[in-house]
Amino acid sequence: MKDPIMRHYVPDTDWFEVSTLQKMLQTYACVYIKPDIGRKGTGIIRVKKLNDKKCEISYQQTTSLSSPDKVYSRIQKILNPNKKYIIQQGVDLATYQHRPFDVRVVLQKPLGRWRATLMSGKVAPHRSSIVTNVAKGAKDYNLYKLLKGIDQSLDSSAIMRDLMDSSHQIAQILSSHFPLEILGLDMGIDKKGKVWFIEANTKPDCIGLEKFDRRLYRKYVNAKKIMRDG
Ligand SMILES: Nc1ncnc2c1ncn2[C@@H]1O[C@H](COP(=O)(O)OP(=O)(O)O)[C@@H](O)[C@H]1O
Ligand SMILES: [Mg+2]
């Protein structure tokens with residue numbers, strides 16, 4: 001977060017505590033609470049501020065209402081006491097057929113340069129879904145086709161360029177701190193078209209992406225081969 005480029009793309013984030021919850025809910029209409037070390041969209045909670053008197057807490061398939069002063073204790077009951085959690089500004093994700101989606105960009109570093117080798121959109125199963133993980137029922141889509149058909153009227157070519165630029169910048173920055181050769185970035189696009197960096201996976205799961213974009217998949221397999229042989 002000290003890096004100005006990174007700060008531009010990462011939603012406002014802090015450790016989850018009573019004070020940060022209050023502060024975030026004063027600033028943002030929606031916040032996410034997520035395990036520090038998590039995967040597959042498990043254990044994630046979304047809190048939406050409906051008005052001054054009511055918040056909506058969503059977890060797994062359930063949604064309940066709470067007064068703002070009770071939100072912290074309600075959430076505490078859901079959290080795993082052995083885990084640390086972060087709280088994050090919620091991104092109002094763009095939708096496809098009324099369902100939120102985010103973007104997976106896989107980057108590899110064959111021959112010393114980062115290349116985006118796979119891209120897909122992950123569309124949540126329901127309009128009320130709080131996560132877009134394939135493990136939670138989201139479906140993979142060809143990103144070009146998806147962006148052309150989204151519900152918001154946004155410039156899909158400009159978004160593609162932003163996604164590519166930001167992904168390369170993020171890979172560069174992360175790999176200056178960690179020894180990385182492959183990254184699976186979860187990138188969000190909000191309803192106004194701004195690109196956000198949600199998460200980096202260092203062991204991305206790429207199986208299943210083959211069927212809807214063979215050209216890209218070949219690029220991914222080739223890069224893998226160069227890295228293995230090289
Ligand atoms: N700040 C956020 N705003 C909006 N949606 C989010 C936010 N954080 C996570 N999500 C949703 O939850 C999903 C899972 O979150 P992520 O941080 O990638 O954790 P995991 O490691 O479990 O995949 C994301 O793909 C996205 O759909
Ligand atoms: Mg993820």
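Order of listing sets the numbers, starting from 1, for every ligand and every atom in it.
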Atom name in D186, limited to N/O/S, at shortest distance from the Mg ion (ligand 2):
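This turns out to be OD2.
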
Name of the E199 atom (N/O/S only) found closest to the Mg ion (ligand 2):
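Relative to the Mg ion (ligand 2), the closest nitrogen, oxygen or sulfur of E199 carries the name OE1.
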
Counting each atom of ligand 1 from 1 as listed, which ones have a heavy atom of [X] under 4.0 Å away?
X    : result
V131 : 12 (O), 13 (C), 27 (O)
I130 : 11 (C), 12 (O)
I198 : 8 (N), 9 (C), 17 (O)

Whether the side chain of [X] engages the backbone of [Y] through a donor-acceptor N/O pair (distance < 3.5 Å, no angle test) should be reported.
X    : Y    : value
S128 : H126 : no
T63  : Y59  : no
K122 : D140 : no
T117 : K219 : no

Is it the side chain, the backbone, both or neither of [X] that has a heavy atom closer than 4.0 Å to ligand 1?
X    : result
Q89  : backbone
V91  : both
D102 : side chain

Output yes when the distance from some N or O of ligand 1 to some N or O of G41 is under 3.5 Å, and no in every other case.
yes

Can an N or O of K122 be found at a distance shorter than 3.5 Å from an N or O of ligand 1?
no

To which of I37, D12, D92, T132 does the heavy atom nearest atom 27 (O) of ligand 1 belong?
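That would be T132.
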
Note: heavy atom closest to atom 15 (O) of ligand 1, options I87, I44, D190, belongs to I44

How far is [atom] from its nearest protein heavy atom, and which residue and atom is that?
atom                    : answer
atom 17 (O) of ligand 1 : K34 NZ, 2.7 Å
atom 23 (O) of ligand 1 : N133 ND2, 2.8 Å
atom 5 (N) of ligand 1  : Y32 CZ, 3.3 Å

Let me see the working for Y32 and Y85 under ring-ring contact (aromatic ring centres under 6.0 Å, His included), right down to the final yes or no.
CA-CA 10 Å; Y32 272 72; Y85 288 82; over 10 Å; no

